[in-house]
Amino acid sequence: MPPCSETSVLLLPMVERCITLLQTHGVSSLTKLRQIHAFSIRHGVSISDAEMGKHLIFYLVSLPSPPPMSYAHKVFSKIEKPINIFVWNTLIRGYAECSSNYASVSAVSLYREMKVSGLVEPDTHTYPFLLKAVAKMADVRLGETIHSVVIRSGFGSLIFAQNSLLHLYANCGDLSGAYKVFDKMPEKDLVAWNSVINGFAENGKPNEALALYTEMNSKGIKPDGFTIVSLLSACAKIGALTLGKRIHVYMIKMGLTRNLHSRNVLLDLYARCGRVKEAKRLFDEMVDKNSVSWTSLIVGLAVNGFGKEAIELFRDMESKEGLVPCEITFVGILYACSHCGMVKEGFEYFRRMREEYKIEPRIEHFGCMVDLLARAGQVKEAYEYIMKMPLQPNVVIWRTLLGGCTVHGDAELAEYARLQILQLEPNHSGDYVLLSNMYASEQRWSDVQKIRKQMLRDGVRKVPGHSLVEVGNRVHEFLMGDKSHPQSEEIYAKLKEMTDKLRLQGYVPQISNVYVDVEEEEKENALVYHSEKIAIAFMLISTPERSPIRVVKNLRVCADCHSAIKLVSKVYNREIVVRDRSRFHHFKNGSCSCQDYW
DNA sequence: CGCGTAACCA
């Protein structure tokens with residue numbers, strides 16, 4: 001380490017103290033730091049002083065994300081060689097904690113630079129940071145290479161090495177790889193459990209995540225904040241409100257409710273289960289909210305059909321100091337606009353996102369814009385928009401267009417969109433069903449037949465619709481035309497009564513939306529027996545008058561059921577919340593929160 | 001030391 005000048009020896013503790021003060025007070029002002037920096041240089045605490053550089057880098061890297069890495073790296077490059085291992089590690093950590101792929105690459109090249117210099121050897125702190133960066137890059141091969149270096153360096157038996165590898169596989173979506181590592185671990189600590197649970201929760205296997213949690217519980221391992229986040233996020237994804245609530249109670253018991261991450265995901269859980277009021281209450285009760293909290297509620301309001309409120313909340317967020325909307329916030333806002341028919345507003349927010357917030361639109365944002373146009377009936381414009389997009393349209397984009405075409409009856413464009421989808425993702429039943437429903441509504445029966453044959457030929461099976469309702473502690477499942485329930489007779493009597501009452505209110509069944517495999521003469525019956533209607537009839541006889549009814553459906557609610565449920569909410573004076581495949585409908589007093597625009 | 005929240009369609 002180079003010798004310090006006399007002044008710097010005297011000043012160093014003071015500068016250190018200033019930096020610590022900034023840190024402990026959470027002041028994230030780079031300007032203040034630069035002032036201290038300039039002051040210290042003026043007074044002889046040279047930037048080339050390794051100690052000073054070390055503190056600076058440590059401070060910079062510890063700033064709330066994203067840390068100013070270019071500045072930290074500049075300081076780093078001015079430090080005299082040889083560079084202390086702590087400094088290397090700190091800089092690698094900084095890059096590893098940035099969200100961008102570019103930063104992860106920098107972390108890896110920094111590590112290589114360190115190895116090449118040959119002056120210092122990586123230690124137990126280097127590898128976890130490095131592996132974290134590699135996991136973010138989702139580069140299995142590179143991860144495995146580094147892991148073998150870790151083993152050669154003699155760190156292989158350390159639990160962090162095994163956990164890092166486990167996390168790497170989980171982050172790359174290789175769940176069997178992750179589980180294999182987990183299974184072979186002689187000692188599984190809480191981090192290992194959390195990583196494997198989170199891997200399943202984040203890769204479309206929420207049920208498996210919950211099952212692993214049960215196993216963990218049986219081994220007497222107590223969950224922490226990390227576990228809670230993964231579990232609640234899994235619950236939110238499958239709409240398991242009852243289980244989510246149990247975890248909420250557990251959080252209160254264990255004193256885990258003060259954690260910001262946990263609170264944010266709790267808010268998301270309630271919003272995603274249609275409990276907007278609870279979500280709002282949680283939000284209002286939060287003392288410190290970060291932009292994730294705001295974004296979660298904005299998205300929550302948007303998917304529940306409260307687009308106007310979502311936008312109002314966004315205005316509040318903008319006026320709050322220090323909160324910067326991110327790309328996900330804008331997905332929520334654009335989603336709100338597209339699902340509420342606010343075409344002009346949507347384009348305005350898209351412009352502001354780029355110009356004011358300098359956010360480069362991703363495919364998700366373009367997807368919202370296509371949806372905005374297509375949903376509003378401007379399918380031709382949507383198609384032109386896709387053609388002019390700077391990004392390669394993906395399957396979601398085409399499916400959005402197809403959705404718009406089927407709703408607004410543009411057969412030509414619908415077929416074109418489906419051809420595009422077919423190339424990108426064959427064997428997706430939803431698209432066949434969408435198209436065949438559209439043909440059915442136009443009485444183009446030969447085309448319906450054609451699609452049906454294609455489905456048979458391609459071995460595509462449509463997912464049967466089902467609805468879930470909860471009474472007490474039990475979940476009841478109903479399929480279309482289901483008669484397997486013990487109270488079936490009662491339910492069907494209620495269903496008949498329901499239909500008669502609705503007819504008096506002017507309800508006319510719309511039979512165009514019936515699935516392809518239902519015979520013509522059965523259509524009206526099949527509609528009457530759609531699973532959500534059966535589920536609602538069951539709830540009408542099983543729950544006290546005026547109590548709200550919640551239904552979770554695996555598919556989209558059809559137009560006929562939608563208009564029927566609106567009337568049910570009025571005739572029976574019930575608030576009915578239906579969770580669709582992708583959004584919520586809040587029925588009350590004969591109308592729905594989506595205002596028939598969904 | 002290593003594990004954490006929010007995202008376009010259906």
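Order of the sequence lines sets the chain letters (A, B, ...), proteins ahead of strands, with each chain counted from 1. Every value quoted in this text rests on a predicted model; they were computed, and no experiment measured them.
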Closer than 4.0 Å, any side-chain N/O of [X] to the OP1 or OP2 of [N]?
X         : N       : value
Asn198(A) : dC3(B)  : no
Lys136(A) : dG4(B)  : no
Thr227(A) : dC3(B)  : no
Arg375(A) : dA10(B) : yes
His167(A) : dG4(B)  : yes

Over 60° means perpendicular and under 30° means parallel, so classify the ring planes of [Y] and [X], tilted if in between.
X         : Y         : result
Tyr385(A) : Phe350(A) : perpendicular
Tyr416(A) : Tyr383(A) : perpendicular
Phe160(A) : Phe155(A) : tilted
His339(A) : Tyr335(A) : parallel

Mind checking if [X] touches a base, just sugar-phosphate, or nothing, with heavy atoms under 4.0 Å?
X         : answer
Phe330(A) : nothing
Thr295(A) : base
Asp580(A) : nothing
Ile363(A) : base
Val396(A) : base

Tell me the interatomic distance from [X], atom [atom1], to [N], atom [atom2], rounded to whole angstroms.
X         : N       : atom1 : atom2 : answer
Arg362(A) : dA6(B)  : CZ    : P     : 15 Å
Asn290(A) : dT5(B)  : CG    : P     : 12 Å
Leu166(A) : dC3(B)  : CG    : C1'   : 8 Å
Arg579(A) : dA10(B) : CZ    : P     : 15 Å
Leu212(A) : dG4(B)  : CG    : P     : 16 Å
Ile197(A) : dT5(B)  : CD1   : P     : 14 Å
Ile397(A) : dA10(B) : CD1   : C1'   : 14 Å
Asn304(A) : dA7(B)  : CG    : P     : 12 Å

Nearest to the side chain of [X], heavy atoms from C-beta on, is which of [options]?
X         : options                : result
Arg272(A) : dC1(B), dC9(B), dA6(B) : dA6(B)
Ser296(A) : dC3(B), dA6(B), dC1(B) : dA6(B)
His339(A) : dC1(B), dC3(B), dC9(B) : dC9(B)
Phe160(A) : dA7(B), dC9(B), dG2(B) : dG2(B)
Glu364(A) : dC9(B), dC1(B), dA7(B) : dA7(B)
Phe226(A) : dC9(B), dG4(B), dA6(B) : dG4(B)
Val191(A) : dG2(B), dC8(B), dA6(B) : dG2(B)
Tyr335(A) : dA6(B), dC8(B), dA7(B) : dC8(B)
Lys237(A) : dA6(B), dG2(B), dG4(B) : dA6(B)
Asp224(A) : dG2(B), dT5(B), dC3(B) : dC3(B)

Exercise. Has the side chain of Asn194(A) got a donor or acceptor atom sitting under 3.5 Å from an opposite partner on the base of dG4(B)?
Worked result: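 Checked by distance alone, the answer is no.
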Exercise. Do Asn264(A) side-chain and dG4(B) base share a donor-acceptor contact under 3.5 Å?
Worked result: no
For this session: Could you tell me which residues satisfy side-chain contact (heavy atoms from CB on, under 4.5 Å) with Ile151(A), sequence neighbours excluded, listed by chain and number?
Result: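 Here the qualifying residues are His147(A).
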For this session: Starting at NE2 of His562(A), measure out to CZ of Arg556(A) and round the result to the nearest 0.5 Å.
Result: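 Spacing of NE2 (His562(A)) from CZ (Arg556(A)) equals 9.0 Å.
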For this session: For Phe226(A), check ring-ring contact (aromatic ring centres under 6.0 Å, His included) against everything at least two apart and list the hits.
Result: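 So Phe226(A) forms no ring-ring contact (aromatic ring centres under 6.0 Å, His included) with any residue.
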